Protein chains: 4
Amino acid sequence: MSRVQRKRDERVRRIVAVAAEVFGERGYEATTLEEVAERLDVTKGSLYYYFAGKDELATAAIETLGTDWTERLEALAGSLAEASRPERLRALLRAHIAIAVQEYPAALRLFLVPDSWPAALRDRIRELRRRHDLVFRREITAGVDAGEFSVVSVDATLQAMHATMSQAPLWCSHLAPEARDRAMDDLAEVLSKLSR
Amino acid sequence: MSRVQRKRDERVRRIVAVAAEVFGERGYEATTLEEVAERLDVTKGSLYYYFAGKDELATAAIETLGTDWTERLEALAGSLAEASRPERLRALLRAHIAIAVQEYPAALRLFLVPDSWPAALRDRIRELRRRHDLVFRREITAGVDAGEFSVVSVDATLQAMHATMSQAPLWCSHLAPEARDRAMDDLAEVLSKLSR
Amino acid sequence: MSRVQRKRDERVRRIVAVAAEVFGERGYEATTLEEVAERLDVTKGSLYYYFAGKDELATAAIETLGTDWTERLEALAGSLAEASRPERLRALLRAHIAIAVQEYPAALRLFLVPDSWPAALRDRIRELRRRHDLVFRREITAGVDAGEFSVVSVDATLQAMHATMSQAPLWCSHLAPEARDRAMDDLAEVLSKLSR
Amino acid sequence: MSRVQRKRDERVRRIVAVAAEVFGERGYEATTLEEVAERLDVTKGSLYYYFAGKDELATAAIETLGTDWTERLEALAGSLAEASRPERLRALLRAHIAIAVQEYPAALRLFLVPDSWPAALRDRIRELRRRHDLVFRREITAGVDAGEFSVVSVDATLQAMHATMSQAPLWCSHLAPEARDRAMDDLAEVLSKLSR
DNA sequence: GATGAATGAGCGTTCATTCAT
DNA sequence: AATGAATGAACGCTCATTCAT
């Protein structure tokens with residue numbers, strides 16, 4: 001890989017990171033390329049040198065955001081290998097909520113992509129969700145198999161967890177810092193009940 | 001009430017219904033008056049004869065939908081006065097999910113308040129939510145007071161219930177009829193656990 | 001003239017009067033038929049039963065406004081037949097200013113009709129101006145002929161008088177009542193100097 | 001100043017000049033950005049690259065015109081330091097009229113502040129007027145203080161002068177060249193009387 | 001590689017005008 | 001005679017997209 005290519009990759013990475021930030025804050029529709037460009041301190045037109053358009057940029061951003069998010073949860077799961085199952089699940093739920101609330105408050109809106117998007121992109125997003133989902137699914141099924149967890153339905157339980165976590169920002173964002181922390185704790189605790 | 005007035009009301013009702021549909025499908029920002037008008041087979045400008053603008057139309061759509069929904073749940077709660085607490089709660093959860101999935105599959109987007117919504121609308125939505133929320137809150141707190149329910153936090157529990165119910169259509173819509181019914185049952189059952 | 005015809009004339013008169021009022025306050029562009037209709041307590045569409053459109057209504061309004069204005073000045077001139085020439089001129093100037101400021105604050109804008117108007121209407125307006133102009137022209141020329149007035153040029157003098165009077169609302173409107181009265185007095189006094 | 005910057009400035013200058021022209025011909029409300037763009041042979045949207053909106057464009061137009069005009073009068077006043085007061089006043093009046101008639105025949109409409117103009121613009125216009133006004137106010141008050149001029153009211157006198165000068169194009173524009181020159185002379189002479 | 005400039009389609013909104021009733 | 005309803009053209013404005021330099 002040439003030096004030029006590395007430079008380009010680095011640039012692309014930075015653009016995507018910033019785009020993920022903006023898309024995460026504002027959602028797809030409310031995000032303008034102008035704002036993305038501004039935060040990168042370049043002009044709007046420059047973005048087109050790297051991305052074919054808003055949709056592609058959004059896709060890359062979602063991908064990055066989703067991958068980053070998933071990897072952090074996976075890393076956390078790894079680092080908690082010693083903890084008890086309930087402890088680990090709660091920690092994962094809590095971390096997920098914290099990321100949603102603090103870093104990607106508009107993620108829900110972002111994953112509610114416009115129907116007008118090409119099927120390929122929608123599939124890609126679904127794929128990302130699946131991988132994301134897997135982090136929690138593994139915990140639950142392993143716990144159930146081990147007889148430590150008991151759920152009505154794994155799918156329904158995961159559905160409830162994800163729905164609650166993705167909407168957490170709507171509830172928590174406008175709370176004062178301490179109240180917000182408590183609210184996030186409560187949510188994680190409440191969701192933990194679903195596996196008992 | 002005059003014939004003219006009735007006609008007008010009927011017209012307004014149709015507009016609001018269609019608007020709720022489109023807002024639900026697309027979200028606030030992505031909804032264009034052009035599309036609402038097209039589905040009504042009138043021109044954009046005609047909408048302004050009945051509504052002062054996009055915001056008012058969205059408000060009316062949300063208001064109608066929210067009020068109708070709440071009233072049906074309140075009626076159900078009333079008719080179940082005799083049932084046991086857990087029974088009644090599960091029935092309410094199941095009914096809520098059914099309404100969401102079958103009648104307002106797009107409600108999530110309607111109640112998913114983007115920061116870009118006019119403040120007035122935001123407040124109104126919050127108000128509607130509160131009333132809607134109250135149906136379930138009453139059940140939970142009464143159960144807790146009676147010592148039959150036990151929750152970590154009433155607020156967090158309600159938050160989880162509402163989030164899950166509003167996202168149910170995303171999961172259930174594309175399932176086959178029987179699978180869908182079972183999924184809805186499971187969700188209601190899962191959420192019931194939150195009060196135990 | 002039939003009773004029906006009289007009734008119609010009466011209606012037309014009322015419409016035109018109200019239209020003159022609104023056009024006088026807002027100017028041509030800012031006046032909407034909606035507002036005219038509202039003040040008449042009828043619907044927009046009804047106006048079209050009497051007038052072919054906004055332009056015709058405006059023309060009629062200007063005509064009425066101009067005629068009324070002129071007639072009041074002529075009446076005043078008649079009632080001051082005994083007064084000295086300078087007295088009469090000043091009174092006329094003062095009256096003109098008062099009407100402009102208090103009743104038709106946007107008259108200037110109204111007489112600055114859009115270039116897009118049909119030539120016939122523009123001619124009619126010019127005609128109205130001429131008659132209006134004549135009230136003052138008569139005074140000046142008579143005074144000059146009698147050796148009591150002395151002007152550089154009758155046309156230029158009248159031009160200055162009319163320009164000043166028509167712009168008076170711009171200056172006077174936002175003054176407090178007493179200051180406004182004084183300002184109008186001053187203007188009339190100042191313009192009187194032009195004939196000495 | 002870079003070549004790019006110079007180019008941009010030049011572009012802005014041209015836009016403002018054309019805008020002043022159109023605003024002058026049509027007035028604020030009747031001016032459409034479409035027409036401004038058309039005369040510049042660009043599209044409507046392009047204007048927004050340079051100006052935030054119609055208001056800002058109008059402000060810039062008025063500002064440019066007003067500043068240029070005032071500075072020329074101030075320069076003339078400076079160059080006539082030796083002349084007698086009456087001479088200097090007449091020369092200023094005559095110059096003002098000439099600029100109005102020959103260069104800014106539509107200035108009246110620009111300075112004719114409709115109530116509908118955004119408040120910010122109104123204030124700015126008032127400010128420009130004040131500075132413009134000052135050129136003449138200085139002459140008058142100095143003359144009065146020196147006992148060479150005598151006026152009923154400085155304010156009213158200035159009001160009359162400005163009104164007359166700004167409406168001069170309405171009268172003079174359609175005259176033949178020689179008649180027009182004479183008319184302008186007459187107007188200046190007539191207005192001179194106001195200070196005697 | 002990046003910029004400044006321009007484009008054009010589309011949006012929410014206004015309003016004169018038309019017309020069936 | 002008058003109304004309620006609808007239309008459609010136009011407006012100010014936004015923004016993704018293109019492109020010469």
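A quick note: this is a predicted structure, and the numbers were derived from the prediction, not measured. To find a chain, count down the sequence lines: A is the first, B the second, and so on, and within it residues start at 1.
Counted within 6.0 Å of CG on C:Asp123, heavy atoms from surrounding residues, nucleotides or ligands total more than 12; the atom is thus considered enclosed.
Rounding to whole angstrom units, NZ of residue B:Lys54 and P of E:dG12 are separated by 4 Å. Atom-to-atom, CG of B:Leu40 to P of F:dT7 comes out at 11 Å; the value is rounded to the nearest Å. The interatomic distance linking D:Asp41 (CG) with E:dT7 (C1') rounds to 13 Å, in whole Å. Counting to the nearest Å, the C1' atom of F:dA1 and the CZ atom of C:Arg8 are 9 Å from each other. Here the P atom of nucleotide E:dT14 and the CZ atom of B:Phe51 are 15 Å apart, to the nearest Å. Protein atom CG of D:Leu47 is 11 Å distant from nucleotide atom C1' of F:dC13, rounded to whole Å. Spacing between atom CG of D:Asp9 and atom C1' of E:dG4 amounts to 14 Å, rounded to whole angstrom units. For the pair D:Glu34 CD and E:dG8 P, the interatomic distance rounds to 11 Å; values are reported in whole Å.
Of all nucleotides listed (E:dG12, F:dG12, E:dG1), E:dG12 comes nearest to the side chain of B:Lys44. Of all nucleotides listed (F:dT3, E:dT7, E:dG1), E:dT7 comes nearest to the side chain of D:Val42. Side chain of A:Leu33, nearest nucleotide from E:dA16, F:dG4, F:dT17: F:dT17. Closest to the A:Thr43 side chain, of the nucleotides E:dA16, E:dA2, E:dG4, is E:dG4. Distances were taken from every side-chain heavy atom of C:Thr32 (C-beta onward) to each of F:dG4, E:dA6, E:dC15; the shortest belongs to E:dC15.
The phosphate of E:dG4 has neither OP1 nor OP2 within less than 4.0 Å of any side-chain N or O from D:Arg11. Phosphate contact (OP1/OP2 of E:dT3, side-chain N/O of A:Ser46, threshold under 4.0 Å): present. For B:Tyr50, no side-chain nitrogen or oxygen approaches OP1 or OP2 of F:dG4 to under 4.0 Å. The side chain of B:Tyr49 places an N or O atom within less than 4.0 Å of a non-bridging phosphate oxygen (OP1 or OP2) of F:dA5. For E:dT17, the OP1/OP2 oxygens have a side-chain nitrogen or oxygen of C:Tyr48 closer than 4.0 Å.
Here the side chains of B:Ile62 and B:Arg124 are not in contact, with every heavy-atom distance at 4.5 Å or above. The closest side-chain heavy-atom distance from D:Phe23 to D:Arg109 is not below 4.5 Å. Residues D:Tyr28 and C:Glu29 form no side-chain contact, since every pair of their non-hydrogen atoms from C-beta on lies 4.5 Å or further apart. Looking at D:Tyr50 and D:Val16, their side chains never come closer than 4.5 Å, going by heavy atoms from C-beta outward.
Partner assigned to E:dA20 is F:dT3, using Watson-Crick or G-U wobble distances below 3.5 angstrom. Remark: E:dG8 base-pairs with F:dC15. Criterion, Watson-Crick or G-U wobble with two distances under 3.5 Å.
Residue A:Thr31 is in sugar-phosphate contact alone, with no base atom involved, counting any heavy-atom pair closer than 4.0 Å across all strands shown. Counting any heavy atom pair closer than 4.0 Å across all strands shown, D:Gly45 reaches a base atom.
A salt bridge does not link B:Lys7 with B:Glu10: every distance from a Lys NZ or Arg NE/NH1/NH2 to an Asp or Glu carboxylate oxygen is 4.0 Å or more.
Looking at D:Lys7, its side chain has no donor and acceptor atom pair within 3.5 Å of the base of E:dG4.
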